[in-house]
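Whatever order the structure lists them in is the order used to number ligands and atoms, beginning at 1.
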Amino acid sequence: MKILILDDAEAVSARAAGEIASQLSAKPASVLGLATGGTMEAVYEQLIALHRDGRASFAGATSFNLDEYVGLAGDHPCSYRHYMAQKLFDHIDIAPGAAHLPLGEAEDPAAEAERYEAAVAAAGDIDLQLLGLGLNGHIGFNEPTSSLASITRLKTLERSTREANSRYFPEGEEPPRLAITMGIGTIMRAREVLLVATGEAKARAVAQVIEGPISARWPGSILQMHRQATVLLDRAAASELELLDYYLDVHPA
Ligand code: F6R
């Protein structure tokens with residue numbers, strides 16, 4: 001794992017956006033794996049700025065998002081389809097139909113998960129997978145004890161995840177209990193992964209994922225087995241790392 005620790009969240013999101021832009025210029029027909037959540041909002045803002053400057057074109061790219069809530073139609077303001085349109089797709093040149101998310105409103109969500117997994121495989125799997133990190137160590141919505149070999153499927157969200165995400169839902173409305181998520185096995189097939197975490201609240205999960213044992217208790221820890229994984233952190237998210245000085249020495253900011 002390559003551990004890059006930058007001064008603050010702004011530097012982290014600029015770096016993450018830069019990595020995606022470099023991927024697109026090296027391979028315009030890249031298959032990108034995308035994530036949602038608070039951390040990614042700043043990354044997408046920077047990516048839109050790069051696109052406006054002519055430094056990132058998505059015209060030849062395909063994307064697959066990690067996950068979607070079950071039961072939310074794409075036009076629901078809290079669906080990830082809506083989030084992606086608002087925060088990224090409506091502002092870039094990705095071709096219509098090239099940006100994929102699981103269909104949250106599918107009549108048969110289990111069949112939809114199977115279809116989605118097959119679509120990722122048919123696209124040749126992901127070139128660069130962008131990941132955020134849950135407080136409980138989840139990647140995508142692969143909650144603790146998810147099989148480290150899992151593929152796209154239905155997953156019940158942990159209470160802490162639903163609480164963390166309830167800030168996006170109107171008062172009185174709760175995040176759904178179920179989501180369709182790419183599996184850990186699906187994510188591990190990506191040729192390159194970029195995990196982004198910022199803020200002190202993530203420090204414990206970051207330390208477990210990078211320095212703890214590989215375990216389904218902290219699903220992101222499987223990335224220790226990935227051949228090309230980069231973890232981008234700000235100082236706050238890196239604050240519980242035992243080998244902090246070593247990482248800073250190997251990759252000075
Ligand atoms: C959502 C996803 C999740 C988030 C994670 C962190 O598509 O993949 O794993 O990345 O829950 O979310 P934030 O950034 O809101 O803390």
Margin query: Between the side chains of Arg162 and Glu174, is the shortest nitrogen-to-carboxylate-oxygen separation below 4.0 Å, so that they form an ion pair?
Written below: yes

Margin query: Is the distance from the ring center of Phe169 to that of Tyr69 below 6.0 Å?
Written below: yes

Notebook entry, point to check: Just how far is it from atom CZ of Arg159 to atom CZ of Arg177, taken to the nearest 0.5 Å?
Noted result: 8.5 Å

Check: Tell me the side-chain hydrogen bond (donor to acceptor under 3.5 Å, both in side chains) pairs involving residues 31-42, sequence neighbours left out?
Finding: none

Note to self: Any carboxylate oxygen within less than 4.0 angstrom of a Lys/Arg side-chain nitrogen, looking at Glu117 and Arg189?
What the structure shows: yes

Next item on the list: Taking the six-membered ring for Trp and the single ring otherwise, decide whether the centroids of Phe58 and Phe89 are under 6.0 Å apart.
Entry: no

Hey, what polar pairs (N/O, under 3.5 Å) does ligand 1 make with protein?
{"residue": "ligand 1", "atom": "7 (O)", "partner": "Thr36", "partner atom": "N", "Å": "3.0"}
{"residue": "ligand 1", "atom": "7 (O)", "partner": "Thr36", "partner atom": "OG1", "Å": "2.7"}
{"residue": "ligand 1", "atom": "7 (O)", "partner": "Asp67", "partner atom": "OD1", "Å": "2.6"}
{"residue": "ligand 1", "atom": "7 (O)", "partner": "Asp67", "partner atom": "OD2", "Å": "3.3"}
{"residue": "ligand 1", "atom": "8 (O)", "partner": "Asp67", "partner atom": "OD2", "Å": "3.3"}
{"residue": "ligand 1", "atom": "9 (O)", "partner": "His138", "partner atom": "NE2", "Å": "3.4"}
{"residue": "ligand 1", "atom": "9 (O)", "partner": "Gly140", "partner atom": "N", "Å": "3.4"}
{"residue": "ligand 1", "atom": "9 (O)", "partner": "Gly140", "partner atom": "O", "Å": "2.7"}
{"residue": "ligand 1", "atom": "11 (O)", "partner": "His138", "partner atom": "NE2", "Å": "2.6"}
{"residue": "ligand 1", "atom": "14 (O)", "partner": "Gly38", "partner atom": "N", "Å": "3.3"}
{"residue": "ligand 1", "atom": "14 (O)", "partner": "Thr39", "partner atom": "N", "Å": "2.9"}
{"residue": "ligand 1", "atom": "14 (O)", "partner": "Thr39", "partner atom": "OG1", "Å": "2.5"}
{"residue": "ligand 1", "atom": "15 (O)", "partner": "Gly38", "partner atom": "N", "Å": "2.8"}
{"residue": "ligand 1", "atom": "15 (O)", "partner": "Arg167", "partner atom": "NH2", "Å": "3.3"}
{"residue": "ligand 1", "atom": "16 (O)", "partner": "Lys202", "partner atom": "NZ", "Å": "2.6"}

